[in-house]
Amino acid sequence: MAHLFLVKDIAFQAGLSTATVDRVLNGRPGVRRQTEMRVKAAIAELEKQQAGAMGSGRVLAIDIVMETPQRFSDAVRAAFEAEMATFLPGVFRCRFHFAEVMKPAELVQLLDRIRLRGTHGIVLKAPDVAEVAAAVARADAAGIPVVTLVTDLPNSARIAYAGADNRAAGETAAYLIGEFLGSDGGKVLVTLSSGRFRGEEEREIGFRRVIRARYSDIGITEISEGHGTDAATGTLTAAALAADPAINAVYSIGGGNRAVLAAFDAAKRPVRVFVAHDLDADNRALLAARRIGFVLRHDLRTDARSAFRAIMSRATALPRAVSPSLSTVEIVTPYNMPEGD
C-alpha cells in the first residue's frame, strides 16, 4: 500500500497500533477487512490534509475527541474539514477520535495518549466528570490547549468553549412548545442522551424554567441514558409512553429521533409538536417529511472557527484571544432549511 507518511502518523489518524498498521501496509495475513479499510481511509485523510497545507507555512495538528452519535460526529467532521480548508494563514491538520459511547476511563486513556504522543491542541466534547477534568488539567500543564465543543467543562483548565448558549436554546424550545400547545396543555417528553453532559443539562434547565414560569398547564417527563442511539432511546421512549397517557409532545435534547417517533407510532399516539436539536442528516429528512416541527440549529463551522482561533492564539504565542463568541441558535422549519452545514 503506497504512502508518504510515517507509520505512527497513520496509526494515530486511524486510531490503531503501529504494529497493526505495519501489518496492513506490508500485506501480512491475519488482518480484518475493516482494519484494512481504516488504514486506507487514514492515508486518504492525511493526503487530503497535506494537499491543503502545501505551501501555506506552519501546520498545526490538533485532535478532535467526541463521545457522540455518528450522525452528529459526521456533521462535526464536515464542518471542521470545510473550515480547515479556508483557515489561513495558519494551516490545521485534524485527527478525529469519535465514539458513540465511551466509559470515562476510556476517554481519559485516549486524552492521556494524545498528550503523550503530542498535539498542538485538543477539541473536546465529553461528559462533565472529575476524571475528564483531571485529564484536561494534565494536558494544559503539558502546554496543550483544550477547547470544549458544544458542551462545556466550566470547572476544568480548558482555554475556551465553542458552541451555542445551551440554556437559551432550552428556553427557545419551551417557548415553541408552550405557544403551540397553548391552554390545551399536555405533557412533554424530554429526551437526554446522558445526564453527564453539561450542555444537555443547561438545555433542560432553560426548558424547565420557562415551562414552569409561563406554561404551568404543561407537564414534563424525562428520559435519559439512551446515549442518542436508536435502540436504547426507542426502548426508553416506549416505556415512558406506556406509563403516561398524557405525553403528546417531544423536546429531543439527546437525539435518536427516528426511534422516538417509531415508539409513538407503535403506541398509536400522536405527537402534537416535536422540537429537536442539530440539522444532521436524520433531522433534515424528518423535518422535510414533517415528522418533526422545528430544529434548533447553530452553525458548527462557527464553532470550528472559534476552536481554531483559540488554539492558534496559544500555539503562536499571540496575546490570549478574547473568548469565542457563542454561536447563534436558529429556528429551522421545513420552509427555511439551509442546503447544508
Side-chain angles (χ1 to χ4, degrees), residues 15 34 38 41 63-81 94-104 106-107 110 123-129 132 148-153 162-164 166 169-170 173 189-204 222-238 240 250-264 274-289 291-292 294-301 303-304 327 329 332 340-341:
Q34 182 181 11
R38 285 176 65 178
D63 292 86
I64 319 296
V65 179
M66 299 176 61
E67 180 188 343
T68 194
Q70 183 176 343
R71 57 183 170 270
F72 186 64
S73 64
D74 287 346
V76 168
R77 179 190 285 269
F80 270 80
E81 289 181 341
C94 295
R95 298 177 290 221
F96 298 99
H97 313 269
F98 297 150
E100 292 201 322
V101 181
M102 272 193 280
K103 296 178 181 178
E106 294 170 337
L107 183 55
L110 174 58
V123 179
L124 178 63
K125 178 185 180 292
D128 186 12
V129 296
V132 173
T148 51
L149 181 71
V150 304
T151 183
D152 200 8
L153 304 174
N166 285 305
L189 180 67
V190 176
T191 73
L192 292 87
S193 70
S194 173
R196 301 174 301 150
F197 289 99
R198 177 63 66 102
E200 294 195 8
E201 180 183 55
E202 290 290 325
R203 291 173 183 177
E204 184 193 16
E222 175 191 319
I223 60 173
S224 185
E225 308 312 313
H227 301 288
T229 61
D230 285 347
T233 303
T235 298
L236 290 168
T237 301
V250 177
Y251 175 34
S252 172
I253 296 175
N257 298 330
R258 289 188 182 278
V260 172
L261 287 165
F264 273 86
F274 193 126
V275 177
H277 276 275
D278 304 315
L279 205 54
D280 55 38
D282 274 9
N283 284 344
R284 281 181 174 277
L286 293 172
L287 191 62
R291 296 303 312 276
I292 58 180
F294 305 96
V295 171
L296 300 181
R297 168 191 180 266
H298 68 279
D299 185 12
L300 290 172
R301 287 192 61 175
D303 298 340
S327 47
V329 176
V332 182
D341 280 346

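- The main-chain N or O of V150 is found under 3.5 Å from a side-chain atom of N166 such that the two form a donor-acceptor pair.
- Annotation: side chain of D303 is in contact with side chain of H298 (closest heavy-atom distance under 4.5 Å).
- Considering all non-hydrogen atoms of both residues, A240 and L189 come closest at CB-CD1, 3.9 Å.
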Next item on the list: Give the C-alpha distance, both sets of side-chain angles, the deciding distance and a yes or no for side-chain contact (heavy atoms from CB on, under 4.5 Å) between I292 and L261.
Entry: CA-CA 9 Å; I292 58 180; L261 287 165; 4.2 Å; yes

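- With sequence neighbours left out, F80 forms a ring pair (Phe, Tyr, Trp, His ring centres under 6.0 Å) with F308.
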Next item on the list: For E204 and L192, run side-chain contact (heavy atoms from CB on, under 4.5 Å): C-alpha distance rounded to whole Å, both residues' side-chain angles, the deciding distance at 0.1 Å, then the answer.
Entry: CA-CA 8 Å; E204 184 193 16; L192 292 87; 4.0 Å; yes

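- With a 4.5 Å cut-off on side-chain heavy atoms, R258 and L286 count as touching.
- Using a 4.5 Å cut-off on side-chain heavy atoms (C-beta onward), V260 and V250 make contact.
- Here the side chain of E225 pairs a donor or acceptor atom with the backbone of G195 at under 3.5 angstrom.
- To the nearest 0.5 Å, the span separating CG on D278 from CZ on R284 amounts to 11.5 Å.
- By the salt bridge (charged side-chain N to carboxylate O under 4.0 Å, His left out) test, E200 pairs with no residue at all, sequence neighbours left out.
- A donor-acceptor distance shorter than 3.5 angstrom exists from the side chain of N283 to the backbone of H277, with no hydrogens or angles considered.
- Annotation: salt bridge (charged side-chain N to carboxylate O under 4.0 Å, His left out) contacts of E222 (sequence neighbours excluded): R208.
- Atom OG1 of T233 sits about 6.5 Å away from atom CD1 of I223, to the nearest 0.5 Å.
- In terms of heavy atoms, A164 sits closest to V329 at CB-CG2, 3.9 Å.
- Considering only residues two or more places apart in sequence or on other chains, H227 meets the side-chain hydrogen bond (donor to acceptor under 3.5 Å, both in side chains) condition with none of them.
- Under the rule for a side-chain hydrogen bond (donor to acceptor under 3.5 Å, both in side chains), T237 has no partner lying at least two apart in sequence or in another chain.
- Here the straight-line distance linking atom CZ of F264 with atom CZ of R291 works out to 10.5 Å at 0.5 Å rounding.
- Shown here are the side-chain hydrogen bond (donor to acceptor under 3.5 Å, both in side chains) partners of R71, two or more places apart in sequence or in another chain: there are none.
- Applying the ring pair (Phe, Tyr, Trp, His ring centres under 6.0 Å) test to F98 and every residue at least two apart in sequence or in another chain returns F96.
- Remark: side-chain polar atoms of T229 are paired, donor with acceptor, to backbone N or O of G226 under 3.5 angstrom.
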Next item on the list: In sequence, state the C-alpha distance, the side-chain angles, and the governing distance for V65 and L107, and then conclude on side-chain contact (heavy atoms from CB on, under 4.5 Å).
Entry: CA-CA 9 Å; V65 179; L107 183 55; 3.6 Å; yes

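- Taking CE of M66 as the start and OG1 of T151 as the end, the distance is 10.5 Å to the nearest 0.5 Å.
- In terms of heavy-atom proximity, S252 sits nearest to N257 at OG-OD1, 2.5 Å.
- Looking at every heavy atom in both residues, A263 comes nearest to A238 through CB-N, 4.0 Å.
- Nearest heavy-atom pair across S193 and G228 is CB-N, 3.6 Å.
- A126 approaches V132 most closely through the heavy-atom pair CB-CG1, 4.0 Å.
- Listed for the E202 side chain is no donor-acceptor partner under 3.5 Å among the backbone atoms of G199.
- Every residue meeting the salt bridge (charged side-chain N to carboxylate O under 4.0 Å, His left out) condition with R198, not counting sequence neighbours, appears here in chain and number order: D128, E201.
- Counting heavy atoms of neighbouring residues, nucleotides and ligands inside a 6.0 Å radius, atom CD of E100 exceeds 12 of them.
- Looking at D299 and S327, their side chains never bring a donor and an acceptor atom within 3.5 Å of each other.
- For V332, the side chain to side chain contact (heavy atoms under 4.5 Å, CB included) partners two or more places apart in sequence, or in a different chain, are L279, L287, V295, R297, N336, M337, P338.
- For T235, the side-chain hydrogen bond (donor to acceptor under 3.5 Å, both in side chains) criterion is met by no residue, not counting sequence neighbours.
- To the nearest 0.5 angstrom, L149 atom CG is 8.5 Å from K125 atom NZ.
- Atom CD1 of residue I253 and atom OG of residue S194 lie 12.0 Å apart, to the nearest 0.5 angstrom.
- Salt bridge E67/R196: present, at least one basic N to carboxylate O contact under 4.0 Å.
- A173 meets the side chain to side chain contact (heavy atoms under 4.5 Å, CB included) test with F207, Y251, V275, L296; sequence neighbours excluded.
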